[in-house]
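Report on the structure given below.
Letters A, B, ... mirror the listed sequences (proteins, then strands); counts begin at 1. These numbers come from a predicted model, not from an experiment.
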Amino acid sequence: MASPSTRIDDGHDMDSVNSGLMREKLSVLVVDNDALVRKVHEKIVSKLKVAKQVQIQTATNGKEALDLHLSGSSFDIILMDMQMPIMDGTEATKELRAMGVESMIVGVTSADARADKEAFTEAGLDQCLAKPLTADKIKSLVETLEKNK
Amino acid sequence: MEVGQMQRRLVEFTKSLFVEGFLDGQFLQLQQLQDDSNPDFVVEVVSLFFQDSEKLLNDLTSALEQQDVDFKKVDAHVHQLKGSSSSIGAQRVKNACVVFRSFCEEQNLQECMRCLQLVKQEFYLAKNKFETLFTMEQQIVAAGGSIPATEITSF
């Protein structure tokens, strides 16, 4: 199994007029078993320049996400896929909340069944978004983060 | 063929892919993510889709050939294909997966097998269209031109 990857984007090349108001750091964990989805979501987050420094890590299933937290990592936003092997998003979310993780956990799913989505939300999500994510959806998550500071 | 003509052909071809439902807005999102730091992003992502999906389609074929078909396993594969096709904007592949999933839920083997054929058909059609698109782009770049940005308002 691939180990979680990390990438850091330095936002120093963005609009200097806004740089004073911009958040210093944003850390995001992308949890999805599909490499293509991880690649796209990672790219969307890194391109957004919503913070002076954007740190992105990826995990291929809920267990990897849990292991990251158990080893001391923490994140501002966790983008959690619902259906994954080994440990799915619903279980991983329950475990993270039981561990005391208070990060924003956003469910990302293409699931059609409302019952599945309800169970996922009840596991402790802050919100649930439809896959695929877009730049606007992620920007609005960061705005929510800022409002709740 | 001169560059301007190639660019116009590309714009018309891209427009046709949206009009015929092969592509949706998610493909435009992918194009917007491409920049000088990652100039081959779209090709990389689409290539990854075709590699992973070929394997998924093979897994689906063998799953449906089993004596006791595990419809949950079949559904999981279709779900993954639906997710990745929607991530690149391959709308017709995604829509075929939506129908497929409904028959997985009913555990209707005959309809599932029919859906698999439809998904494969849409997959290979999409692959063909993307290959044509990327070849046209490469020809423009080789001739010294730039790729015109896709404007959805022109459709």
Interatomic distance, [X] atom [atom1] to [Y] atom [atom2] [nearest 0.5 angstrom]:
X       : Y        : atom1 : atom2 : value
A:Asp34 : B:Ser87  : CG    : OG    : 6.5 Å
A:Leu36 : B:Ser47  : CG    : OG    : 10.0 Å
B:Gln29 : A:Lys137 : CD    : NZ    : 8.5 Å
A:Lys43 : B:Ser37  : NZ    : OG    : 4.0 Å
B:His79 : A:Lys131 : NE2   : NZ    : 5.0 Å
A:Glu42 : B:Leu33  : CD    : CG    : 11.5 Å

Within 6.0 angstrom of [X] [atom1], more than 12 heavy atoms from elsewhere:
X        : atom1 : answer
B:Lys120 : NZ    : yes
A:Glu102 : CD    : no
B:Glu2   : CD    : yes

Exercise for the section: Identify whether B:Leu64 and B:Val99 are in the same connected component of the hydrophobic contact network (ILVMFWY, side-chain heavy atoms under 4.5 Å). Expected result: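 Looking at the clustering, B:Val99 is in a separate group from B:Leu64.
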Exercise for the section: Tell me whether B:Phe103 is reachable from B:Leu118 by hopping between hydrophobic residues (I, L, V, M, F, W, Y) whose side-chain heavy atoms are closer than 4.5 Å. Expected result: no
Exercise for the section: Evaluate the criterion side-chain contact (heavy atoms from CB on, under 4.5 Å) for residue pair B:Gln80 and A:Val37; output intermediate values, then yes/no. Expected result: CA-CA 10 Å; B:Gln80 187 163 350; A:Val37 172; over 6 Å; no
Problem - Portion of B:Glu105 that has a non-hydrogen atom of chain A nearer than 4.5 angstrom - result: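 Neither part; nothing is under 4.5 Å.
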Problem - Test item: A:Lys39 and B:Glu44 side chains (from C-beta on) under 4.5 Å apart, heavy atoms - result: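 With C-beta onward as the side chain, the pair touches.
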